[in-house]
Amino acid sequence: MKNILLFSILFSAYNSDWAMAQTITTFDHQLPTATDSINPDSIGGGANGQCFRTAINYSAGSGFNPYSAITTDFNNDGFNDIVSNSFSSNTISVLLGTGTGAFGAATSFMVFTGSNHPGSICSADFNADGFKDIAVASLDNIYILLGTGTGSFGASTVFPSAFSSGDLISNDFNLDGKADLAVANYGSNNVCILLGTGTGSFGAGTNFSVGINPVSLTSGDFNGDTNLDLAVVNSGSNSISILSGIGTGSFGAAVNFPVFTSPISIISVDFNNDGKLDLAATNGAGAICALLGTGTGSFGTPLVNTTAGGWAFYQGSIVSADFDADGNADLATADYAAGSGYASVYLGTGTGSFGTAENFATGTNPWTIMAADFNMDGKPDLATANSSNHNISVLLNTPTQIITIASSATSICPGSSLDLTASGSTTYHWSTGSTIAGISVAPTVTATYSVSDGVGCSNTAFFSINVGTTSVPDICMVTTDSSTNYRYNIVYWDKTSFTNVDSFIVYRYNPISVSYERIGAVSNNALSEFADTAFSIGGPNGGNPAYSSWKYKLAIRDTCGNIGAMSPYHQTTFVQQNNSNFSWNAYSVETGQTNPVAGYSILRDDNNTGNFQVLANLANTSTSGTDPDYALYPNGNWRIDVIGFNCITTAKTEGTYSQSHSNTTEPVYQISDPPSSIFVYPNPATTEINVSGYSPAYLKMCDAVGQTVAESKSNKLYVGNLSQGLYVLQLFDAKGQQVKTEKVIVGN
């Protein structure tokens, strides 16, 4: 008998007082706004966006093992209190609420002596004095403790019920204005009705047969005749029994509806908003089901919802309230899991179905769950009675806080500090440990800071601060400049996401010093392009960038003045000609980098007009090719294009670049040695310089630091736009070899 009783008590730990109140209690509060978001700090992630703050636990008393609990106002101060039983000490424990979500210390009251063990609890005003009283079910009896209106209770009075009393509820079943009782008797397969006298006393019980092993029950007008009916879950016959009331405290024969295996708890609420009461039950195996009522006392096929994640070991009681303020009834269950516990919330859709469970941590092994507005903010909160922790967990219903972080900058220099300010909540918890809205940080490396509301009901905001530079720019492509007759290399690079850039430094490899040397810089606000016109670096042909193959690297200079690491190099393509045969070095990148080259194209400008045509497309492994019509174009030019780039430059973007050009080569002719006497005149010159005694392929004038200031492809060079001073004139033959160098004075 004791084993049966234990089963009955444990598996019927259900807050029946709240279930009764669900049909008459509403919560008036704001609908969620568009900015409400999920609660990432709750167990399970808060997939539907509902949030309950981290549980606050209150002791139920020393050695107290609470299994059943209810909430109502026992001391008439307008705030919800909590009463729970103690399975091990045969007492009840009262925790008085303050209206802020907090509760006072527990006060215990003896229910009975012996080894019967208290089970289900319910509350009503049984003696009509305006104060809430308590009824406690035990093995074969019901115990009544009359309230004083101060949160205190008198000695208990016993009333026999039947064999293995389980779930207990109170309502006015005979419509005489006095509170009655109904108890599910697990061992005798019936429901016992005890009619109240209005003095705290009850008449002899009357039994009504139901299914096998009834464990939980709820009341409501299921058939629309204004009389209270009963719905009873039968764990042994996997069914729900409906007992239709006739308004005298008597009920008709049970009508049974099948449900899932071993149902253990039940409530009645209108889940699909059709004005007719529906039913919801749990089976302790991670599932809930809803049976939609027709309003005639009949119910549809159960709609089963399974707990997300499959981690729940056992679901105890079930309650309903509109937790997310959308006008639809939601569900919450107490979930007992090995070594832990959760309050699981299922948001209703208003159609009788429910979303995936949102799981919020409670104390260990909760058997009973309650819903009430504990902090008087108009939103239903949750509380659980935790059998293994000897405590009560209170979880306050709080809209998710959307927190943001503001700052005047996203980048700082080493050794500097930056102020971060959070908003969107009233409490804050930073990753630095600070709990105020504004903090000052001085990171030494690029760092990310986060903040939440610190109590588990907010999104987490993140803010990254860049310190100095650790970014390395990518060279997208290197080419020769088509606008200057392919005589200067141009370096392009991709847009950068680094936010602290002042400028980009360009380096070229010097084969003599065996090092990369700086050749210039480009502002971050300019086009990410640099034209290499310098002869200042040694190497082939005096460092002329139009000749041979050159390697280039980049580095970032940040706004703090730091210069970061150099990028991997890109190496230009240089084409050489032997009559109709052309050969070139492969465009290359530094080892370990992805080489973008998809292939090579040979192009010819037939008559030196700048109109290049593709002669052949070759594989990316090719380094030579032939023009069979070479002799037909004595004034032609040839070049190699490297295909496969996809470069989009920064700031003043000119477009996407898809190829890199080699230098341009011209027909090679046998030229006799230059005469011994080449004359450059006038010298000094004011407008034009002439060359006689030799016809050079081109002329070039450089200033004192080696920068090119004027060029010509004839034997005349215009210098009228140059400043007065000393210059160097260079004469080149068709092979690009320097023939003569002459110092020239410009100006009178």
Side-chain angles (χ1 to χ4, degrees), residues 5 9 12-21 60-77 79-97 103-161 165-172 178-183 192-203 205 368 370 372 385 392:
L5 174 61
I9 292 173
S12 64
Y14 159 68
N15 176 13
S16 56
D17 188 58
W18 175 257
M20 178 186 70
S62 178
F64 212 84
N65 299 101
Y67 286 100
S68 182
I70 58 173
T71 179
T72 191
D73 181 10
F74 292 110
N75 61 351
N76 287 345
D77 63 355
F79 307 139
N80 279 286
D81 310 311
I82 293 176
V83 168
S84 65
N85 69 1
S86 173
F87 185 77
S88 58
S89 61
N90 297 337
T91 59
I92 60 170
S93 182
V94 179
L95 290 80
L96 298 180
F103 290 82
T107 303
S108 297
F109 298 89
M110 181 62 65
V111 179
F112 49 75
T113 60
S115 58
N116 283 344
H117 304 296
S120 180
I121 306 175
C122 73
S123 178
D125 184 4
F126 297 124
N127 60 353
D129 64 354
F131 306 140
K132 287 293 179 69
D133 309 312
I134 292 176
V136 182
S138 184
L139 179 59
D140 301 322
N141 300 312
I142 303 295
Y143 294 85
I144 303 299
L145 291 84
L146 298 180
T148 64
T150 64
S152 180
F153 296 88
S156 65
T157 304
V158 62
F159 296 91
S161 59
S165 300
D167 200 8
L168 180 69
I169 64 171
S170 178
N171 217 324
D172 184 7
K178 302 165 186 174
D180 308 314
L181 292 171
V183 60
C192 182
I193 303 298
L194 294 87
L195 299 179
T197 64
T199 64
S201 180
F202 293 85
T368 299
M370 299 159 277
I392 304 294

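These figures come from a predicted structure and were not determined experimentally.
Contact record, Cys192 with Gly205: SG-CA, 3.6 Å, taken as the closest heavy-atom pair. When all heavy atoms of Thr71 and Ala372 are compared, the closest pair comes out as CG2-CB, 3.8 Å. Taking both residues in full, the closest heavy atoms of Ile142 and Ala135 are given as CG2-CB, 4.3 Å, listed atom of the first, atom of the second, then distance. Contact record, Pro66 with Ala60: CG-CB, 4.2 Å, taken as the closest heavy-atom pair. Closest approach of Gly200 and Leu146 over heavy atoms only: CA-CD2, 4.2 Å. In this structure, Ala182 and Ile193 approach most closely via the heavy-atom pair CB-CD1, 3.5 Å.
With sequence neighbours excluded, the residues that form a ring-ring contact (aromatic ring centres under 6.0 Å, His included) with Phe153 are Phe74, Phe109. The side-chain hydrogen bond (donor to acceptor under 3.5 Å, both in side chains) check on Asp125 picks up nothing, with sequence neighbours excluded. For Phe126, the ring-ring contact (aromatic ring centres under 6.0 Å, His included) partners at least two apart in sequence or on another chain are Phe202. Remark: Phe103 pairs with Tyr58, Phe374 by the ring-ring contact (aromatic ring centres under 6.0 Å, His included) rule, at least two apart or across chains. For Ser108, there are no side-chain hydrogen bond (donor to acceptor under 3.5 Å, both in side chains) partners two or more places apart in sequence or in a different chain. With sequence neighbours left out, Asn75 forms a side-chain contact (heavy atoms from CB on, under 4.5 Å) with Asp73, Asp77, Asp81, Leu96.
Met110 CE to Asn90 CG: the interatomic distance, rounded to the nearest 0.5 Å, is 6.5 Å. Between the CG atom in Asn141 and the OG1 atom in Thr157 there is a gap of 12.0 Å [rounded to 0.5 Å]. In this structure, OG on Ser156 lies 8.5 Å from CZ on Phe112, to the nearest 0.5 angstrom. Expressed to the nearest 0.5 Å, how far CG of Asn80 lies from CG of Leu95 amounts to 13.0 Å. In this structure, OG on Ser68 lies 4.5 Å from CD1 on Ile121, to the nearest 0.5 angstrom.
A donor and an acceptor atom, one from each side chain of Thr199 and Thr197, are located under 3.5 Å apart. Residues Ser123 and Lys132 have side chains that never bring a donor and an acceptor to within less than 3.5 angstrom of each other.
Although no hydrogens or angles enter the test, the distance criterion places no donor-acceptor pair under 3.5 Å between the side chain of Ser120 and the main chain of Asp167. The backbone N or O of Pro118 lies less than 3.5 Å from a partner atom in the side chain of Asn85, making a donor-acceptor pair.
Inter-residue side-chain proximity for Asp180 and Leu194 is flagged as unmet; no heavy-atom pair is nearer than 4.5 Å. At least one side-chain heavy atom of Ile134 sits less than 4.5 Å from a side-chain heavy atom of Val83. Residues Phe159 and Ser201 have side chains in contact (heavy-atom distance under 4.5 Å, counting atoms from C-beta outward).
Each of Asn127, Val136, Val158, Leu181 was evaluated against Ile144; a single residue qualifies, Leu181, per the side-chain contact (heavy atoms from CB on, under 4.5 Å) test.
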